[in-house]
Undergrad: 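Handing you a structure now.
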Amino acid sequence: MRYNFNDIEKKWQKEWAKRGTFKASNSSDKPKYYVLDMFPYPSGAGLHVGHPLGYIASDIYARYKRHKGFNVLHPMGYDSFGLPAEQYAIQTGQHPAVTTEENIKTYRRQLDQIGFSFDWSREVRTSDPKYYKWTQWIFIQLFESWYNKDTDKAEAIETLIEKFETDGNTSVNAACDDDVVAFSAEEWTAFSSEQQQETLLKYRLTYLAETEVNWCPALGTVLANDEIVNGVSERGGHPVIRKKMTQWSMRISAYAERLLQGLDTIDWTDSLKESQRNWIGKSVGAAVSFNVKDHDATIEVFTTRPDTIFGVSFMTLAPEHELVSKITTEAQKAEVEAYVEATAKRSERDRMADVKTISGVFTGAYAEHPFTKEPIPIWIGDYVLASYGTGAVMAVPCGDQRDYDFAKHFNIPIPNIFDGLDISEEAFTSKENVKIGNSDFLNGLNFKKATKRVIYELEQLGQGEGKTNYRLRDAVFSRQRYWGEPFPVYYVNGMPQMIDEKHLPLTLPEVEKYLPTEEGEPPLGRAEVWAWDTQKNKVVSSSAVDNETIFPLELNTMPGWAGSSWYFFRYMEDAKRDETFASEEALKYWENVDLYIGGSEHATGHLLYARFWVKFLYDRGFVSIDEPFKKLINQGMILGTSAFVYKITRLHFSKDENDEFEFSMNFFSLNKKINHFISAGIEYNQKNLKELFIKSRPKTEKALELYERVKSDLDKYSIKAAIIPIHADVSMVNSSDELNIEDFKNWRIEFKDSIFITEEDGTFKVKRDVEKMSKSKYNVVNPDDIVADYGADSLRLYEMFLGPLEQYKPWNTAGITGVHSFLKKLWKLYNDDNGSKVTDNEPTKDNLKTLHKTIKKVEEDIENFSFNTSVSTFMIAVNELTAQKCSSRAILEPLLILISPYAPHIAEELWEQLGHTQSIATAPFPKFEEKYVIESTKNYPISFNGKMRFTLELPLDMSKEDIEKTVLAYEKTQEQLQGRTPKKVIVVPGKIVNIVG
RNA sequence: GCUGAAGUGGUGGAAUUGGUAGACACGUUGGACUUAAAAUCCAAUGGCCAUUAUGGCCGUGCGGGUUCAAGUCCCGCCUUCAGUACCA
């Protein structure tokens, strides 16, 4: 019987679906375990072999947990809103819903053939109205909430209104906008409805605010930093400017401290926690206000070094700072305006990354030092970012390197306020070993004491206070796109109103084009039916807007991270999805995700937003946990191995210093279009290049002259070829890096008549290089092909075998034969030409030893997510058992269970052959027994001065003293010592012997 | 720039607490089987030197250090990759 993987795999995939083998139950006696993958965006290109890496790992773990007796929830779905579908819609006019549906079908087919144990009955799609109904619902809850800093949690907005009605806002300790003004209860009641709404908006957890965005006027849209290259749009190369825009924001900053503290309670890698900590960016310091001379204005700054306040010699504002236009003097106006304009063209990332070029402009205005009352010049500089802190810094050049560089560059004084420290070369930035000097009442104090004192003095003056600042900014939640969740919002007199939840979902309207409108409104501005009728409670024609009962709807849509911030709860619910986002029973039963696997690129986006929403839902009592992902593992990326063919562009000839020249390849051929390619590795081969030269025919008289001259004296010249590498599709290259020349010629019309300089044996080699797998690099490997040629089990094993899960590693299809032949060997252990050869024979000692050391190793590996090493372990086990001619059921049956999480199809098939009628999926994991692997002797490495010279087999229970005696008496030891007496002998029982001397 | 991660044979990688560096594979070379190819099986395979089996020296990005012993720990560098707030 042969190992017919294609039939076996199809058979079991069908069988699992039919039997509902992997359906999770919401009530079970077994302990629960929730294994989740970050759900994919279904792109038009389908899956390549890099995508399933994490899914295979999580599937192995899920299957392992089933063997270990857990009720496992292992679902999958699609993050199906997103830009690519919209781009495609803009280009082709096809509705994103249609292309998304097609893409999902492809994904599903591809996922199915890899044999994942997903419970597909719980699938979610973020673009499904039944799903985004609840995304909209959560948005409404956020709108109807505020953050009470006293209770340190989100509360219903009604409790805030109550406070306003009884006390005004003076006693309210809330996370809110900076610009709230104090009002009394009476004032509150006297406010108009609009005033009240406007005030509440400053407190709500989602609110409208002016935010800076990258605006591209030509495209009429906002761009991600990513879509901007060198200050212009990636598509089309249009100019991009920073522009303020009213958008929905999420008050994630209210949760900064809890998001930080929560990290201590979850099992994530340190590097990932570190990224989040850094992103949240907590810093403790002081807020200080500086009065501006001759203006009724103050500049608010945050500083982590209030102790250095006497070292301030200038202030720097972000060019976008609102005070800039107010305080700039007539004389400086032109220069300042030019600088502001220039800055608007630079991206934030650009400004942050570029520390070498120092730029800035003096505004002509002065601030007043809070203590000395001395004037301080106010500058603007693009190293200060508007969105960071208050958008202004008090510059202390002696204590901050950027300030120092700025001061040096513009010849601003650098007062030294550190006792006994030299600052003539660079700033002293450490907080350690500081003694403040030259600073009035701070003289002689260290960092800690000076900070405390200065904050006290600032408070006395009413010009500052101690403050903790977070780098984390509120998250912009509006997108000027079509393919996203519509906001359940309409506007009455410019004030946002929520649509009642019983009328949800508010579904996306039809539009004739997916582009922004001519007026620069988002695509929803094109919808003809997009107004809210408050009487009929439904969407009606936009032309019907009368601002009395029919109002305009919000035109922005939600960002990609909206739907992905709560989808893990949706999977928990199976039956009551229409009534609730997830029922209380389901939420209670599954709690949170036990294991989450996904890419590290989500470290600060998705993973932070999801934690924020979960904490919010927890505060409001909708869920019972406040951290969604207990354990998290980042899988690395599988990279492509690109193939390059070398194209010769020029030949460079040299004889001596005075005789050097080049031929362009265009010189030679009669037809310009002929390309010359040279096999990789022989590009400097003189013989080949000279042959090429001789065979060529120059086109012009002048070239012919030169040609003849060189040809007659060719031996004396040395030739170098100038080459450019060109991507060739990896499917045209075999495992020995040889190019299929015919395929390559037919690939593109311009290669048709190319000339190929091959190796001696007629082959043409490509140069390999590792790059990201992508269509444009022609290095994409489709899992469909791998499954067809080698089977899903081989693909699964190979993806794991490639290396550690977290690591980035290149794909190389050639290597898959190794794991494939392993599966064939495994098959042969159970079958020969006449069918099954498994017997009921008693296992030998060796058989048991092999099995049990395999159980131990594999179990440890799975627990440590070291899947690559367990594949090696299986190979070793099968090699050993084959050599032992093992046919014993007592060995081969448990072996199948060990392998089944990795290669489930072949395991099920062999399991069935052994007479089982139940799936292997829930067979109990074999138990490791120490007694089968205990050794009585150890082959000790004997080292001399740390270098291993030979090994010596000794009993493991031999005492240290006896080992030393035996080793020293051994003849090879004496040979090594050559009469010397060892200074020292180190014996580590069970490990090593090292002789020093 | 900032933050995070990674550098070990021709290639992917192994060495889990400092204790035999290169497990397991790929590739390559040689051999068996075959009319031939594929498949399968066997052997060799870090580099250099020497050779009669035996051996010797070097070797985990670079430079130092700690230790009886360093891929592993410490200090200082170099290189590559990722994230950097509207790609998902």
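What you are looking at is a predicted structure, and each value in this text was computed from that prediction instead of being measured. Heavy atoms only: backbone and side chains are in, while hydrogens, waters and symmetry mates are out. Naming: A, B, ... by sequence-line order, numbering from 1 per chain.
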Undergrad: In whole angstrom, what separates Ile963(A)'s CD1 from C68(B)'s P?
TA: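 The distance from CD1 of Ile963(A) to P of C68(B) comes to 20 Å, rounded to the nearest Å.
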Undergrad: So what does Pro804(A) touch, heavy atoms closer than 4.0 Å: a base, only the sugar-phosphate, or nothing?
TA: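 Sugar-phosphate contact only.
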Undergrad: Need one value for Val996(A): base, sugar-phosphate or nothing, where a base atom within 4.0 Å counts as base even if backbone is also close, heavy atoms only.
TA: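 The residue Val996(A) makes sugar-phosphate contact but no base contact.
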Undergrad: Could you check whether Leu639(A) gets within reach of a base, just the sugar-phosphate, or nothing at all, counting any heavy atom under 4.0 Å?
TA: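 The answer is nothing, as Leu639(A) stays clear of every strand by at least 4.0 Å.
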Undergrad: Hey, is NZ on Lys273(A) packed in by over 12 heavy atoms from elsewhere, all under 6.0 Å?
TA: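 Buried by this count: over 12 neighbours within 6.0 Å.
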Undergrad: Rounded to whole Å, how long is the line connecting atom CZ of Phe944(A) with atom C1' of G19(B)?
TA: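 For the pair Phe944(A) CZ and G19(B) C1', the rounded distance is 15 Å.
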Undergrad: Mind checking the P distance from G76(B) to U3(B)? Whole angstroms is fine.
TA: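 Their P atoms lie roughly 14 Å apart.
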Undergrad: For the pair made of CG in Asn864(A) and P in A15(B), what is the distance, rounded to whole Å?
TA: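 One finds 10 Å between P of A15(B) and CG of Asn864(A), rounded.
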Undergrad: What is the distance, to the nearest angstrom, from the CG atom on Leu607(A) to the C1' atom on A85(B)?
TA: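 That distance rounds to 14 Å.
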Undergrad: Check whether any side-chain N or O of Arg473(A) sits under 4.0 Å from OP1 or OP2 of A85(B), and answer yes or no.
TA: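 For Arg473(A), the contact criterion (side-chain N or O under 4.0 Å from OP1 or OP2 of A85(B)) is not met.
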Undergrad: Starting at atom CD of Glu964(A), determine the distance to atom C1' of C68(B), rounded to an integer number of angstrom.
TA: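 That distance rounds to 13 Å.
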Undergrad: Given that Lys825(A) and Ser275(A) both sit by RNA chain B, which one's nearest nucleotide is further toward the 5' end?
TA: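 Checking each residue's closest nucleotide, the 5'-ward one belongs to Ser275(A).
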Undergrad: With sugar-phosphate meaning primed atoms plus P, OP1 and OP2, does Ile986(A) contact a base, only sugar-phosphate, or nothing at under 4.0 Å between heavy atoms?
TA: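 Touches a base.
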Undergrad: By the 4.0 Å heavy-atom rule, please label Lys824(A) as base, sugar-phosphate, or nothing.
TA: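 Counting heavy atoms under 4.0 Å across all strands, the contact made by Lys824(A) is with sugar-phosphate only.
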Undergrad: Tell me if the side-chain of Glu771(A) makes a donor-acceptor pair with the base of C81(B), cut-off 3.5 Å, by modelled atom types.
TA: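 Flag unset: no donor-acceptor pair detected.
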Undergrad: Rounding to the closest angstrom, what is the interatomic distance between A44(B) and C78(B) at atom P?
TA: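 Result for the P pair: 44 Å, nearest Å.
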Undergrad: I'd like to know whether OH of Tyr88(A) has more than 12 heavy-atom contacts from other residues, nucleotides or ligands below 6.0 angstrom.
TA: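 Count not over threshold, so no.
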Undergrad: Kindly say whether the aromatic ring centers of Phe568(A) and Trp613(A) come within a distance under 6.0 Å.
TA: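 No: the rings miss the under 6.0 Å criterion.
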Undergrad: Show me the donor-acceptor pairs, under 3.5 Å and distance only, between side chains in residues 633-644 of chain A and residues at least two apart or in other chains.
TA:
unit_1, atom_1, unit_2, atom_2, d
Asn634(A), ND2, Gly598(A), O, 3.1
Asn634(A), ND2, Gly599(A), O, 3.4
Gln635(A), OE1, Gly598(A), N, 3.4
Gln635(A), OE1, Gly599(A), N, 3.4
Thr641(A), OG1, Trp811(A), O, 2.3
Ser642(A), OG, Glu771(A), OE1, 2.6
Ser642(A), OG, Asn779(A), ND2, 3.0

Undergrad: Take the protein atom OH of Tyr940(A) and the nucleotide atom P of G19(B), then report the distance between them rounded to whole Å.
TA: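 These atoms are roughly 15 Å apart.
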Undergrad: Atom CG of Asp79(A) and atom P of C87(B): how far apart are they, to the nearest Å?
TA: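 Rounded to the whole Å, the gap is 13 Å.
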Undergrad: Is the phosphate of G13(B), meaning OP1 or OP2, less than 4.0 Å from a side-chain N or O of Lys809(A)?
TA: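 No, outside the criterion.
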Undergrad: Any protein N or O atoms within reach of nucleotides 50-52 of chain B? Criterion: under 3.5 Å, listing atom names and distances.
TA:
none

Undergrad: If only side-chain N and O atoms of Asn879(A) are considered, is one of them under 4.0 Å from the OP1 or OP2 phosphate oxygen of A25(B)?
TA: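 True: Asn879(A) side-chain N/O within range (under 4.0 Å) of A25(B) OP1/OP2.
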Undergrad: Can you find a donor-acceptor pair, distance only, under 3.5 Å between Lys947(A) side chain and U20(B) base?
TA: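 Side chain to base: no pair below 3.5 Å.
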Undergrad: Which nucleotide sits closest to the side chain of Thr817(A): A88(B), G27(B), C86(B)?
TA: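 The listed nucleotide nearest to Thr817(A)'s side chain is G27(B).
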Undergrad: How far, in whole Å, is G47(B) from U8(B) if one measures between their C1' atoms?
TA: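 The answer is 14 Å between these two C1' atoms.
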Undergrad: Contact class for Gln807(A) vs. all strands (heavy atom < 4.0 Å): base, sugar-phosphate, or nothing?
TA: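 Sugar-phosphate, no base atom in range.
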Undergrad: Distance check needed: G1(B) P versus Arg351(A) CZ, whole Å only.
TA: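 Spelled out: CZ on Arg351(A) to P on G1(B) is 19 Å.
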Undergrad: Please state the P separation for the pair C24(B) and C42(B) - nearest whole angstrom.
TA: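 Nearest-Å result for C24(B) against C42(B) at atom P: 13 Å.
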Undergrad: Less than 4.0 angstrom between a side-chain N/O of Asn939(A) and OP1 or OP2 of U20(B), yes or no?
TA: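 False: Asn939(A) side-chain N/O out of range (4.0 Å or more) of U20(B) OP1/OP2.
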Undergrad: How long is the gap from CD1 on Ile942(A) to CD1 on Ile992(A), to the nearest 0.5 Å?
TA: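 Ile942(A) CD1 to Ile992(A) CD1: 8.5 Å, rounded to 0.5 Å.
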Undergrad: With sugar-phosphate meaning primed atoms plus P, OP1 and OP2, does Trp561(A) contact a base, only sugar-phosphate, or nothing at under 4.0 Å between heavy atoms?
TA: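 Nothing: the residue Trp561(A), judged by heavy atoms under 4.0 Å, touches no strand.
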Undergrad: When the nearest nucleotide of RNA chain B is assigned to Asn994(A) and to Met875(A) on a heavy-atom basis, which residue is associated with the more 5' position?
TA: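 Nearest-nucleotide comparison on RNA chain B picks Met875(A).
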Undergrad: Does the structure place the NZ or CZ of Arg471(A) under 6.0 Å from the centre of the six-membered ring of Trp279(A), at an angle of no more than 45° from the ring's axis?
TA: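 Pair Arg471(A)/Trp279(A) counts as cation-pi.
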Undergrad: Using a cut-off of 4.0 Å on non-hydrogen atoms, how would the nucleic acid contact of Arg949(A) be classed: base, sugar-phosphate, or nothing?
TA: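 Since only primed, P, OP1 and OP2 atoms lie under 4.0 Å of Arg949(A), the category is sugar-phosphate.
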Undergrad: Check the side chains of Glu485(A) and Thr557(A) for a donor-acceptor pair under 3.5 angstrom, ignoring hydrogens and angles.
TA: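 No - no donor-acceptor pair under 3.5 Å links their side chains.
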Undergrad: Can you pull out every side-chain hydrogen bond (donor to acceptor under 3.5 Å, both in side chains) where at least one residue sits in residues 793-803 of chain A? Sequence neighbours excluded, please.
TA: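 As it turns out, the side-chain hydrogen bond (donor to acceptor under 3.5 Å, both in side chains) pairs with a partner in residues 793-803 of chain A, which skip direct neighbours, are Asp59(A)-Arg796(A), Asp793(A)-His905(A), Ser794(A)-His820(A).
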Undergrad: Counting only Watson-Crick pairs (N1-N3 plus N6-O4 or O6-N4) and G-U wobbles (N1-O2, O6-N3), all under 3.5 Å, who is the partner of G30(B)?
TA: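 The base-pairing partner of G30(B), which may sit in any strand shown, is C42(B).
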Undergrad: Between U45(B) and C26(B), how far apart are the two C1' atoms, rounded to whole Å?
TA: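 Taking atom C1' in both U45(B) and C26(B), they lie 13 Å apart.
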Undergrad: Considering every strand shown, what is the Watson-Crick or G-U wobble mate of A15(B) when both distances are under 3.5 Å?
TA: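 Partner of A15(B): none found under 3.5 Å.
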Undergrad: For Phe822(A), report the nucleic acid contact type (base, sugar-phosphate, nothing); a contact means any heavy atom under 4.0 Å.
TA: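 If one applies the 4.0 Å heavy-atom cut-off, Phe822(A) turns out to touch nothing in the nucleic acid.
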Undergrad: Before accepting this row, confirm whether a basic side-chain N of the pair Lys243(A)/Glu320(A) lies closer than 4.0 Å to the acidic partner's carboxylate O.
TA: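 Judged by the 4.0 Å cut-off on N to carboxylate O distance, Lys243(A) and Glu320(A) do not form a salt bridge.
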Undergrad: How many angstroms lie between NE2 in His602(A) and OH in Tyr596(A), if you round to the nearest 0.5 Å?
TA: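 Rounded to the nearest 0.5 Å, the NE2-OH separation comes out at 7.5 Å.
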